[in-house]
Amino acid sequence: MLAADEIRALAADIESDRVERTVSTTDTDKFREAICAFANDMPGHGKPGYLLIGVEDGGAIPGVQTSNLDQFLRKLSDRRDDGKIEPIPSMEVYKVDVAPGVVVVVVEVHPADAPPVRASGRIHIRVGPRKATAGREEERRLTERRISRSSEWDGRPCPGATVADLAIDEIRSVYFPSVVAPDILAHNQRTLEEQLASLRLFDPGAAGPTNGGVVAFGLDPLGFVPGAYVQFVRFEGTTMSDAASDSRRVTGSLATQLREIEPLLRANIRVSRVAETELRFSDRPDYPLAALRELVFNALMHRSYEVGNAPVRILWFSDRIEIQNSGGLYGHVTPETFGTVPAYRNPVIAGVMHGLGYVDKWGTGVARARAALKANGNPLPAFDFQPSVFQVTVRVGS
């Protein structure tokens, strides 16, 4: 956290490429662009960049002019998780009293581990003291920087896979337009491999797709990742020894699975007619589709592909649904903070799900599922955290 004298020094250094100054409290797009540019850290400082709100371009410090400072701080913090900056930046938002009655709001942004970072489909960078949109060469350098740091499974090259193993037509027609700004896409002179690498679907060093690229858009993901499918079973009783009335294996790319999951869930939800008054009735599903959708998508996003070859399982009993995926809690998430603190075992896959519109805001799926279950009269979901298996159980309402 910066001290008052450090803020005064940064405000005065108008040539610095680690500082953005503004007195506006409403220019949301400018805030996102600054956060994105600092996260990309094009100069390679390896140090935070600072958006100073309440500081003029020339270095004068009039302070933040707002009637509700706490609300403004919350809105700034929400920029991190609103889904318009991808991948999620590491940042802190705080206020500093630099003089009596003069407050500066600081957005401190740390360099991203997995650049390039995009804001509303554009890669913003710092070129000296100004912002710019990354060109082909800058994008390539950021991509290479990410590859050299990559430790997540879905960012590593998939052994034996080539570009021919990807559904290129779908990527070009559906995915690229959803994650790259239209004007950037229209004037793109990058090769296909460069475009894929920028979105973490291709590893230039290995000259092949990443694991995440194969899972998300592979023509035959199971040929490379045996557990990359969903197993659905509906039992007519409360145990796995009861007769199964339906059993399906949802295969194909993740993009294909996401399209097929929602109709499958909807087809198995049963709706009852409930009397509200003598003359008024309403239809109530035994499970809200919105909750099941969020919990299954959460399992697909966070499952571990390195722990065995088990698929995501949806076990639908007469009194409950159990959704299982391999891999326990990840990163700094604990049982106490689960559902409120986001951490991504598979950032490439998470980015694809967000780009395709299956994830709205980062880290809010569990909260939305809980809210939907409560509104429908179901008990809240029960989570079982094991070292190598994660399970959520949803029960029928009373």
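Basis for what follows: all heavy atoms, side chains included, without hydrogens, waters or symmetry-related copies.
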Using the test ring pair (Phe, Tyr, Trp, His ring centres under 6.0 Å), find all partners of F217 that sit at least two apart in sequence or belong to another chain. Y175

May I ask you to decide if the ring planes of F385 and F338 are parallel, tilted or perpendicular, using 30° and 60° as cut-offs? perpendicular

Across all chains, not counting sequence neighbours, the side-chain contact (heavy atoms from CB on, under 4.5 Å) partners of R141 are M42, E137

Ignoring hydrogens and angles, write down the donor-acceptor pairs under 3.5 Å from the side chains of residues 220-236, residues two or more places apart or on other chains.
unit_1, atom_1, unit_2, atom_2, d
Q231, NE2, S247, OG, 3.4
Q231, NE2, R248, O, 3.1
R234, NH1, N268, O, 2.6
R234, NH1, N268, OD1, 3.2
E236, OE2, S245, OG, 2.6

Under the side-chain contact (heavy atoms from CB on, under 4.5 Å) rule, collect the residues that match up with S16, sequence neighbours excluded. D13, R18, V19

Which pairs, with at least one residue in residues 87-100 and sequence neighbours excluded, count as a side-chain hydrogen bond (donor to acceptor under 3.5 Å, both in side chains)? E92-H110, Y94-E108

With sequence neighbours left out, write down each residue that passes salt bridge (charged side-chain N to carboxylate O under 4.0 Å, His left out) with R200, or none if nothing qualifies. E86

Residues passing the side-chain contact (heavy atoms from CB on, under 4.5 Å) test with S173, sequence neighbours excluded, are none

Set of residues satisfying ring pair (Phe, Tyr, Trp, His ring centres under 6.0 Å) with respect to H302, sequence neighbours excluded: Y344

Taking salt bridge (charged side-chain N to carboxylate O under 4.0 Å, His left out) as the definition, give me every residue that meets it alongside E56, ordered by chain and number, with sequence neighbours left out. none

According to ring pair (Phe, Tyr, Trp, His ring centres under 6.0 Å), who are the partners of Y358, at least two apart in sequence or on a separate chain? F297

Please list every donor-acceptor pair under 3.5 Å in which a side-chain atom of residues 305-317 meets a protein atom from a residue at least two apart or in another chain.
unit_1, atom_1, unit_2, atom_2, d
E306, OE2, R156, NH1, 3.1

Would you please name every residue forming a salt bridge (charged side-chain N to carboxylate O under 4.0 Å, His left out) with D319, sequence neighbours left out? R395

